[in-house]
Every structure is written in C-alpha cells, then in structure tokens.
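Some notes on the structure that comes next.
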Amino acid sequence: MNLSRRSLLKLSVAAVATSVALPSFAQAIDELVIAYNVTLPSWDPTTGPSAVNPTIQGLYQSVFDQFILQQPDLKPAPGLLTEWGWNDDKTQVHMTVRDGVTWHDGSPFTAEDVAWSLERAADPATGNPINFVWSSLANFKVDGNKVTADVKQFDPTIFKWMYFLTGYVLPKAYYTKVGAEGFEKAPIGTGPYMVDKFEQNAFVRLKANPTYWGGKPDFDTVTIKFVTDAAARVAEIEGGSSHVTLEMPYEEYDRLKGSMNGYATPVSNIGMIFLNDIEVMLDPNVRKAAVAAIDKQAIVDRLLSGYGVPIDTLETPDYDAYDASIKTPYDPDAAVKLLAASGYSVDKPVKFTIQTTKGYMPKDYEMIQAIVGLWRKVGIEATIEVYEIAKHYELRAADKLAPAAFYNWGNSVGDPTTSTGFAMFGPSPHSVWDSKDLIDMIGPLWGEKDEAKRIAGWKAVDAYIAENAYVIPLLQYVQPILAAKGVVVTPHHSGALLPHLMKRA
Amino acid sequence: MALLQTLLLRLVTTAVTLFGVAVIVFFVIRVVPGNPIAMMLPPGATQADIDQLTALYGLDKSIPQQFLIWGLGVLHGDFGTSITLRQPVLALVLGRLPATLELSVMALVMAVLVGGAAALTGTRLRATKVEGGIDIANGMALSVPDFLWGLVLILVFGVLVPVFQISGRVTPSLQLPFVTNFYLVESIVRLRFDLTKDLLSHMFLPAVALAIPLAAIIGQLLKQSLKETMHLDYVTLARTQGYSEARVIWREALPNAILPTLTLVGVQFTFLIGGTVIIERLFSYEGLGNMAIDAVINRDLPLIQGIVILFAVIFTGVNLVVDLTYAALNPRLRHG
C-alpha cells in the first residue's frame, strides 16, 4: 500500500481527532451539563458578598432550600415552611415546619434547624450582610414542628425575605459539628441536589436528592460549569459541550434559537438611571425633559433586538405594586418646551455627566450612548463617564454619583420596599435622590401593617416619583436561555437557572 | 566565585523587589475606586451595618495599620483570609498555582518546539519560499494577541470541529486519585494515561493560544541569531571541513545562537504567565489567573495581594534562574 505524504497527514489528523476526549453527547442525555455565567465563591448562602449576589442564588437553590419556596412566577408557596404568618396584633410570628424532610446526610430536618438558621442569620458575627432584617425577630421558641418568635420591629416583608437573599435553612447539628470551614468543604442542605464534587472557578457536579420533599429531579446528575465568558458559553452549547446556557448576546440567541430550545423570559431585573439631587437635576424641568426625551421602546427594539419591557416606574408588571396607569410617555416636543422654560435649547444645552458601566449589563454603554443622542436632539448635552460597577457601589454608598448614573436593580421578591423603597428612600445607602418630600412620603410605609394600604401607598409613591421625575426607569430585562433539544427548561422570573426545573423533552 | 556573587546580589535585589511590590500593591488596591464593603451592601443597610461589615473585615483601621498587620502576618506565613472565598489566601493561591504552572510550561514547551523548528527550518531553507512562508506565519502570529487566538481556537475546535475541550481543566465526571494539584504530572507518574489524555485535551487549546505569539517571537529571534552566526568564520571553517548544512546549523551555529533566545524565553515566560489571566478566564481553566480576575471583580483585597505577591515571586524567580543559567552557559560570565 502506497501512502503519499498528503494521505499520511490526513490519517494523522483523523487519528488525533478521534483519540482525544470528545465531549460525550449522545442523543439521550444522562448527565445534564449547564454552562453557567458566574462562579461560586462560597457554599455558605448566608455570608459574604456571594450571599447578596442575585445571579448566584440559582446555584444555592439547587442545594439548599429557602424557608419559603418561591415559584417561577415569583409567588410564594409552601416549602420547608408549610404555613407562616403573624398573630393578630403582629407582635409575634408563627411558622409550621414540614415533616418528613431529611438533610443530604440522612439526618432529619427539624423545627430546631429553622429557629437556629433564623437566629444565626441575625447574628452580625456570622457576616450575614442582611442581619439587620433578620434581627427584627427574637426569642424563638420551638414546639414540635411549630416555631414562634417575637417581633422586635415590625417588618411587613419579613416573610418575603424568607425566599430572598440569605433566606436559607442550614443544618444546625451538622454545621455546629463541622464548623464554617468544614461546611465549605462538604456542604449539605435539604435541596433537590446534593454536592458531589466542587472545583472552584471550574464546575460543581450535583447528584439528585432521591428523597427530596418536592420530588426527585428529572436529571440524576448535573454538572454546572462556570463559564464566565459569553462567547465561550455560546461555543459550549453550539459545540455540544453543554446542554443549557444563559445570558448570551441577544444576536447569538436569535441565531441559535431555531436549532435549539430558546427561552426569553422577562426577569426581576431592571435597567434604570439614578438622578442625583445635585447641580442641574435640582431643576424639575431638566429632569422631566430627560425622561420625556427617551424613546424606551426604540432602545429595546434597536439595541436589545426587542428583548426588554419598557417600564415607567421601578416596578415591573409582576411586582406587587405595579400600576399600569402610571405612564411617562416619550414626548420630545414636551421635552423641548420644558427645557425652554428653564432657558435651555439645542443651541444652549443643559450640561451634565452621566455615568455608566460598559459591558456589565447587556448593551449598557450603547443604551446610554443612544439616550445621550436622544437628549442632544432636545437640548441636553450629557457627557458619558464609564466606570466599573465596584466604583458605582462605592460612589452610591457615599452619595457621590454624577447627576445621572445608569444601574440595574434586581428585586426577585417583587415587593415595593426592595425596589422603590431602598432605591428612593433618602436614608438608605442605595438611594441617590434624597429629597425630604420623598422621605416623608415613604417613611410611614416601612411599618404599615395593613397590606392593602401598604401596597396602595407604594403605588402613590411611584406615581409621585414619576410625576416629579426623580429617577428614570428604563426597561425590564429579558433573560435569554438556550437548551439542547432534549431539555425543557422552566425559566424562573427571578433569573435563577434551576436544574431541578429542567426536564427531559 | 563570580557566579556566587551574582547569586547573592540577585537574591538581595529579589527581596527588595518583592517588598516594593508588596507595598505598591497593598496601597494601590486600597486607593483605587471600589471597596469590598460597598460591593456586598444589601438593600436597606444602614451606616451602622456598613461600619459593622467594615470592622469585620479589618478595613476600619488606617492603611498603614492594615499594612503592618498584613506584613507581620505574611512574615509568619499568614496572608490573610479571602473575603469572598472565606479561606486562607496562601492555601488558595498555592492550590491554584500548579494548574497555572502546568499550563504555562506546556505552552512554553509548545512555543519552544514550534518556534525553534520554524527558526531551524527557515535557516536551513533560507532565501526560499519556505522561509518567506515562515516569516509571514510569524508576522500573523505576532499581530494577533493571545486572547483572540483563544477565541479563534474556541470557534474552530469547540464549535466547527469539536475535537478538544474548551472549558475547565478536567472532565467533571472523572474521579481523580491525586494527592497534589499537579494533575498532569501526577497522572503521568501514576501511569494514569486515561487521565493524562483528558487533562491534555483540556489544556491543549489554552496552551496553544498562549504559545502562538511566543513561538513567533522565538522563531524570529533564533532565526536572526542563526543567520548572523552562520556568517562567522568558525562556521565557514566547519563547512569547508565537509560537514552537512544540517550539522553545521545544529552542532556549530545553534549553541552560540541560542543564548540571546534563552534570555528572551525567560523574560517572555513571565509574560506568558501573565497571559494566563485572560486565557484561563476564556477557557474557564481553574488556575491562578482565573482566580485573580474574580478577586479583582469582587475587590477581594487579601486575595489580590496574595496573587500579586505570588506572581511577583514567580517573575523574579524565573528571571533569577534565567540569569544564572545564562551565566553558567556563557563562558565569559562563567569564568569572570
């Protein structure tokens, strides 16, 4: 047999190609592989920076249960707590704990675990960044599967926090025995999956919890790879190395959704522009003109390929205090008139700085560029300053943001206190607009015990903010998810990608 | 004696350099915008909550005080605790270092082999189309940064011809019997070639991405050195003695021509390790570089300090080794 050099070369390439480990993707999916967009720094869902990172919550919720289950539509449902509430005068809370649940090590889950987890969450020494919320409860008492506690300070959202950041139940006996370091090495929860193997910055391999109280998940084994680069995630799913991925550029989503299962779901995350009560922003005409000059629908259509929901308040349609009647329409003519009333025009524009991140959120910088272009047409000359998200946090906490600053705000429990409340209440370190009128209006709502009155109060606040243009809500984000044809995903409106909500097609 | 003097002098300058790096990194990361406490503030946190968190992480003290505490700790082997990972920094960085070293060394070996082969071939076939082709390939390799090569490799070998793994260091389902984090080395030592194959299939693309620009540099410099050496009298003498051209290049010209390349390889190796920061991120490779990016994003000050110090130790260490090797190989330096 004669072999030419060319043939030999071809054979060599073929041999190499078949000898290296090919991604094992048969038609039937035995092991679900997910290319996730963030890494998991720590397994304790109640301490440190990762505890307040909304994107990581999906990983935590695969292993740990929250006190109360949150359904994909953001509504609460019985979870480890099957019943909860206040007494009549709202001086006590009561909770009923689910029977028959076990921890991943086989030990029984009890009401003691719930009481201990709540007490621990309130202890500042543990490093829980939200301990101030949990510290509104005290004097826990356990009686069988019932837990009661005194209300030190009434917080109408306390049960909502039980399915929000740091609202996780941890194993008292196990954690006490192994300590924080031991728990990091071998975390256990009551959740749908158990940690089989974890390599920081690389992957976590999960095994289905066969005794999960919510039913055993469809996939026995799930590997979640941490692929932080969007292009690499697209390559992962396109090349067949992963079955599911999320948060890719919308253009890529559109390109691939025809050959895969594509899901584009509005999530509880909004884009907004903070206005600071300094310099020209103290002029209501400037603020109102800045709002009226932005064509949000055009921005969504042209920059985000239509994936976004324009909003007029900081509440999205699935939040409790959403009011569809509050509108801030696109009206460039009105913007021109408002600016003229303050002596500004295209030839003599009002000038200020707008800060934005670049690449932190989809098309953030491009959106601000477009907005600055729209503003220019009516007589607003804004200078763009790009900064890192870390700088935004620092400047916001110190109340030193520019007159305008782009940001995204997540609120997966959908309560108005955790959207409008913390974003617009002057004393909050997250607030940027600090005027007294708004503080006076919001103040009484924090402790309002009548739920209907509370929600109505927040709607009134949202209307007042819109009327005075104290902030510029832009859009509700849409989360793109791509899955192989063999996988059906149930998107969660919180933005958490949950493997136990995935099924075989 | 001269070699010993060189060694001692270099050790002293290395220590001074490391101290300087420690001071600079400590102060710089504390004055750049963004602090870790602001990053983890939840909605509704009060000033008291901010103060409490600041104190918890020891950031309530003055920067010189913080430096003193940290510096004393470092002298005792305690680099502090990572804010985000909540583990001792030293254990974290030493745990990740083997992955980065294996990747870097593999890339270096690739670069030396490919660059060296290109230089030798170009010299042997000088003034032909082959040499022109090598020069064009070198130019292309140099004009594209390593992370772009990474993206191209992911597209080609991850999507179009999915032959190699494009993320991670090892297949998650494999059980690893290793006791060190030098997975590749240990898989070979333990004769677990199934694991070696898996590790190589994960390392191959990131290593190639890192190696391409370095291979081009090595190829260009070595070819140039060889060309100059080929005109020297002793090489002409070898030719007149009837040695083949290949032997003249390999045995006579190369030993002399390689010295400048060796120095360059040492310097470039440190850059190559720096390049792992982006490449590891791109390929989700669990090395030190990937960890460094997370540390910076999260403003994990103790971890950033630990990683930078370790990188500085590697850089100065490599330079030291290169200098000593050069001194050992260069007769003029060896004999004072």
Side-chain angles (χ1 to χ4, degrees), chain A residues 16-17 19-23 31 35 39 41-42 44 47-52 124 127 129-133 165 180-181 184 197 199-203 205 221 223 225-229 231-232 235-236 238-241 387-388 390-391 393-397 417-418 421-423 427-430, chain B residues 33-50 52-53 56 82-87 92 96 151 154-155 158-173 197-198 200-202 204 280-287 290-291 293-294 297-300:
Chain A
V16 169
S19 67
V20 293
L22 278 164
E31 179 170 339
T39 61
S42 162
D44 188 335
T47 61
S50 49
V52 290
I130 308 198
N131 68 79
F132 65 93
V133 167
L165 304 172
E181 206 172 315
E184 279 296 334
K197 201 171 170 187
E199 291 284 347
Q200 225 154 33
N201 278 98
F203 65 86
R205 193 158 187 259
T221 309
T223 294
K225 296 183 188 176
F226 307 134
V227 185
T228 49
D229 185 84
E236 277 278 329
E238 207 177 353
S241 298
Y387 58 7
E388 271 188 89
K391 187 176 178 186
Y393 287 128
E394 187 175 351
L395 291 175
R396 200 173 77 196
T417 61
T418 39
F422 290 134
S428 160
H430 296 282
Chain B
N35 75 54
I37 302 304
M39 295 282 291
M40 70 175 95
L41 278 185
T46 63
Q47 188 55 47
D49 301 317
I50 296 170
Q52 196 176 66
L53 275 173
L56 187 71
S82 159
I83 292 172
T84 47
L85 306 179
R86 304 174 65 238
Q87 293 171 51
L92 283 170
R96 288 299 185 84
L151 284 172
I154 284 175
L155 182 69
V159 179
L160 299 177
V161 192
V163 173
F164 297 103
Q165 301 286 353
I166 55 171
S167 71
R169 190 184 178 198
V170 66
T171 300
S173 56
K197 193 170 85 170
D198 184 76
L200 286 175
S201 80
H202 282 84
F204 186 75
E280 285 183 358
R281 192 69 169 181
L282 196 57
F283 288 91
S284 307
Y285 187 86
E286 52 197 281
N290 206 346
M291 183 188 266
I293 291 184
D294 276 338
I297 290 172
N298 294 313
R299 294 294 190 274
D300 192 336

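Below, chain A is the first sequence line, B the second, and so on; all start at residue 1. These numbers come from the heavy atoms of this one structure, side chains and all, not from hydrogens, waters or symmetry mates.
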Considering only heavy atoms, which portion of Leu200(B) lies under 4.5 Å from any heavy atom of chain A: side chain, backbone, both, or neither?
neither

Can you tell if the side chain of Ser284(B) reaches within under 4.5 Å of the side chain of Lys225(A), non-hydrogen atoms only?
no

Heavy-atom distances under 4.5 Å only: say whether Leu151(B) touches chain A with side chain, backbone, both or neither.
side chain

Please determine, among Pro172(B), Gly168(B), Gly158(B), the option with the most heavy-atom pairs under 4.5 Å with chain A.
Pro172(B)

Could you walk me through whether Ser167(B) and Glu236(A) pass the side-chain hydrogen bond (donor to acceptor under 3.5 Å, both in side chains) test, one step at a time?
CA-CA 8 Å; Ser167(B) 71; Glu236(A) 277 278 329; 2.6 Å; yes

With respect to chain A, which residue among Met291(B), His202(B), Glu286(B), Gln87(B) yields the maximal number of heavy-atom pairs within a distance under 4.5 Å?
Glu286(B)

Restricting to non-hydrogen atoms, name the atom on Ile166(B) and the atom on Ala232(A) that form the minimum distance, rounded to 0.1 Å.
CD1-O, 4.3 Å

I want to check something: taking the side chain as every heavy atom from C-beta on, are Glu199(A) and Val170(B) in contact at a cut-off of under 4.5 Å?
no

Please report the shortest heavy-atom distance between Gly239(A) and Pro162(B), naming the atom on each side.
O-CB, 3.8 Å

Pick one of side chain, backbone, both or neither for Ala51(A), based on which atoms fall under 4.5 Å of a heavy atom in chain B.
neither

Give, as side chain, backbone, both or neither, the part of Phe226(A) having an atom under 4.5 angstrom from any heavy atom of chain B.
backbone

Does any heavy atom of chain A fall under 4.5 Å from the side chain of Asp294(B), the backbone, both, or neither of them?
side chain

Would Glu394(A) and Arg299(B) count as a salt bridge (charged side-chain N to carboxylate O under 4.0 Å, His left out) here? Give the steps.
CA-CA 11 Å; Glu394(A) 187 175 351; Arg299(B) 294 294 190 274; over 6 Å; no

Between Leu282(B) and the options Thr228(A), Asp229(A), Val227(A), the side-chain contact (heavy atoms from CB on, under 4.5 Å) test singles out Asp229(A)

What I'd like to find out is whether the side chain of Arg281(B) reaches to under 4.5 Å of the side chain of Asn201(A), using heavy atoms alone.
yes

Please classify the contact between Glu280(B) and chain A as side chain, backbone, both or neither, with a heavy-atom cut-off of under 4.5 Å.
neither

Using non-hydrogen atoms only, which part of Thr223(A) is less than 4.5 Å away from chain B: side chain, backbone, both, or neither?
side chain

What's the spacing between Ser50(A) OG and Leu85(B) CG if we round to 0.5 Å?
8.5 Å

Spacing of Glu238(A) atom CD and Leu155(B) atom CG [to the nearest 0.5 Å]
7.5 Å

Heavy-atom contact with chain A under 4.5 Å, split by part of Ser82(B)
neither

Top contributor to chain A interface from Leu160(B), Asn290(B), Ile293(B) [non-hydrogen pairs under 4.5 Å]:
Asn290(B)

Name the member of Ala235(A), Gly421(A), Ala180(A), Ala231(A) that forms the most heavy-atom pairs with chain B at distances under 4.5 Å.
Ala235(A)

Checking heavy atoms, do the side chain of Glu181(A), its backbone, both or neither come under 4.5 Å from chain B?
neither

